[in-house]
Amino acid sequence: MTTPAFTPRVFSGIQPSGGLTLGNYLGAIKRFVQMQDEAYETIYCMVDLHAITVWQDPADLARNTRELAAGFIASGISPEKSILINQSQVPEHAQLGWIFSCVARMGWMQRMTQFKDKAGKNTQNVSLGLFGYPALMAADILIYHATHVPVGEDQKQHLELTRDIATKFNHDYGVDFFPLTEPVIEGAATRVMSLRDGSKKMSKSDPSDASRINMTDDADTIAKKIRKAKTDPDALPSEAAGLADRPEARNLINIYAALAEQTVDEVLADVGGQQFGSFKPQLAELAVEKLSPISTEMARLMADPGEIDRILSDGAEQARAIAAPILARTYEIVGMVR
Ligand code: AQP
């Protein structure tokens, strides 16, 4: 339970480790936009320090950070309503991250499935940062005493770890200082799957570009990727239960439902009985209708990178006004001489 004394505050971030995908948009950004109009302070972040846990070409990292900021704004996040930052401009994230690295236990980190997925068989050769990433993620959230974090399903375990770190810190130091943050995992597409393999998450770093829809894809590319998306030979069912053993069909229906802001049952009431040959063009049309205004606006914003940098610099100043006193109090609790 979140202690009521904490200001309702939302924090969430996305890595500038490639271009934005439809998965990031439906799983995270759409909810970010809604929450900025609810009763929360909202802070949204390009988590560039997380991105370098795997190799990033410096020029690409800078470009992807600005493009991600453009994607946030083009999707409806307003710098007037939300604080928009890149993580490295607010050094308090990394400072609290170190303290949390000393609170988190090796055994906790070893259970993180995202590390296992990303490291694969290569555990000895990946960066130490990739292993420690969830402690920094906990710091990203708790440096603002954030009470709510909208995320896709894949981040649920990291949010549980964030609560474990807050609990252990509060317990070890005998304080009630960090809130137990609530994950917000909602909507029809909390886990958008690869278009090539319904058992794998759609991901910006998947080597196959055909596996994902990028927010910068043009209409023809979107239509082509959807046309080629893996499916099965059966017609679509009329009820959600009929999707149970059909991951690719379920994924395309979930994407349609999330884009159309309908429930899966509402979508199936319309398209149940159709073959993919007739459903896919409808999905492509809807995806282009929803995404092309965003990609057009992203391109417009990217033409003025100085303006994006100004927004991020203003955001960092506002963010530090919240983060610095929380870090100062943390140091005091821990016993650091100031
Ligand atoms: N496929 C997805 N479905 C639903 N939500 C998703 N998110 C990511 N992929 C999907 C949500 O987007 C937010 C930001 O994720 P991230 O970029 O910080 O890290 P990630 O989850 O590792 O995303 P990627 O695209 O898979 O990045 P790479 O390839 O660099 O690892 C999170 O809220 C996440 O849940």
Which atom pairs, one a donor and one an acceptor, fall under 3.5 Å between side chains of residues 247-258 and the rest of the protein, sequence neighbours left out?
unit_1	atom_1	unit_2	atom_2	d
Glu248	OE2	Gly198	N	2.9
Glu248	OE2	Lys230	NZ	3.4
Arg250	NH1	Leu243	O	3.2
Arg250	NH1	Ala244	O	2.9
Asn251	OD1	Met193	N	2.8
Asn251	ND2	Met193	O	2.9

Of all residues at least two apart in sequence or in a different chain, which pass the ring pair (Phe, Tyr, Trp, His ring centres under 6.0 Å) check with Phe32? Tyr44, Phe72
Residues that Tyr331 engages under ring pair (Phe, Tyr, Trp, His ring centres under 6.0 Å), provided they are two or more places apart: none
Is [Y] reachable from [X] through a run of I, L, V, M, F, W or Y residues, each pair having side-chain heavy atoms under 4.5 Å apart?
X: Val267; Y: Ile213; answer: yes
X: Leu68; Y: Val33; answer: yes
X: Val54; Y: Phe131; answer: yes
X: Val151; Y: Phe11; answer: yes
X: Ile165; Y: Leu128; answer: no

Roughly how far, to the nearest 0.5 Å, is [atom2] of [Y] from [atom1] of [X]?
X: Ser292; Y: Ile222; atom1: OG; atom2: CD1; answer: 7.0 Å
X: Thr296; Y: Asp218; atom1: OG1; atom2: CG; answer: 10.5 Å
X: Leu20; Y: Ile29; atom1: CG; atom2: CD1; answer: 4.5 Å
X: Cys45; Y: Ile143; atom1: SG; atom2: CD1; answer: 12.0 Å
X: His171; Y: Asp176; atom1: NE2; atom2: CG; answer: 12.5 Å
X: His148; Y: Glu41; atom1: NE2; atom2: CD; answer: 13.5 Å

[X] side-chain N/O to [Y] backbone N/O, donor-acceptor pair under 3.5 Å:
X: Glu307; Y: Asp304; answer: no
X: Thr221; Y: Asp217; answer: no
X: Thr181; Y: Ala146; answer: yes
X: Ser194; Y: Met202; answer: no
X: Glu153; Y: Arg191; answer: no
X: Asp48; Y: Ser88; answer: yes
X: Ser313; Y: Asp309; answer: no
X: Lys280; Y: Ala229; answer: yes
X: Arg105; Y: Val103; answer: yes
X: Thr7; Y: Arg9; answer: no

Go through the structure and list residues passing side-chain contact (heavy atoms from CB on, under 4.5 Å) with Ser78, not counting sequence neighbours. Gln36, Glu80, Lys81
Electrostatic pair Lys201:Asp206 at N-O distance under 4.0 angstrom: no
Heavy-atom neighbours of [X] [atom1] exceed 12 at 6.0 Å:
X: Glu317; atom1: CD; answer: no
X: Lys156; atom1: NZ; answer: no
X: Gln275; atom1: CD; answer: yes

Hey, does [Y] have a side-chain heavy atom less than 4.5 Å from the side chain of [X]?
X: Glu67; Y: Met215; value: no
X: Met302; Y: Ile308; value: yes
X: Ile77; Y: Thr42; value: no
X: Val149; Y: Thr162; value: no
X: Val184; Y: Met35; value: yes
X: Leu161; Y: Pro134; value: yes
X: Asn214; Y: Asp209; value: yes
X: Thr190; Y: Leu26; value: no

Locate the shortest heavy-atom distance separating [X] from [Y]; write the atom from each residue and the value.
X: Pro237; Y: Arg246; value: CD-NH1, 3.5 Å
X: Pro16; Y: Gln56; value: O-OE1, 4.3 Å
X: Lys204; Y: Gly19; value: CB-O, 3.3 Å
X: Thr147; Y: Pro8; value: OG1-CA, 3.4 Å
X: Asp197; Y: Ser199; value: OD1-OG, 2.7 Å
X: Val264; Y: Ala240; value: CG1-CB, 3.9 Å

Under the ring-ring contact (aromatic ring centres under 6.0 Å, His included) rule, what pairs show up with a residue in residues 193-222, not counting sequence neighbours? none
Pairs where residues 257-276 contributes a residue and the test ring-ring contact (aromatic ring centres under 6.0 Å, His included) is met, not counting sequence neighbours: none
Can you give the donor-acceptor pairs under 3.5 Å from side chains of residues 111-119 to other protein atoms, not counting sequence neighbours?
unit_1	atom_1	unit_2	atom_2	d
Thr113	OG1	Gln157	OE1	3.1

Using 30° and 60° as the class boundaries, would you call the ring planes of Phe169 and Phe177 parallel, tilted or perpendicular? tilted
Donor-acceptor contacts, no H, no angles, side chain residues 90-102, under 3.5 Å, sequence neighbours left out:
unit_1	atom_1	unit_2	atom_2	d
Glu92	OE1	Arg320	NE	3.1
Glu92	OE2	Arg320	NE	3.2
Glu92	OE2	Arg320	NH2	3.1
His93	ND1	Asp140	OD1	2.8
His93	NE2	Tyr144	OH	2.8
Ser101	OG	Gly97	O	3.1

Trace of the side-chain contact (heavy atoms from CB on, under 4.5 Å) decision for Met46 with Arg66: CA-CA 9 Å; Met46 305 354 92; Arg66 294 192 179 104; over 6 Å; no
For [X], what are the other residues in its hydrophobic cluster, where any two members join if their side-chain heavy atoms are less than 4.5 angstrom apart?
X: Leu61; result: Ile52
X: Val337; result: none
X: Leu49; result: Leu136

Quick one: do the Gln89 and Asn86 side chains pair a donor with an acceptor below 3.5 Å? yes
Using distance only, find each side-chain donor-acceptor pair of residues 282-291 under 3.5 Å and give its atom names and separation, not counting sequence neighbours.
unit_1	atom_1	unit_2	atom_2	d
Gln282	NE2	Gln274	OE1	2.7
Gln282	NE2	Ser278	O	2.9

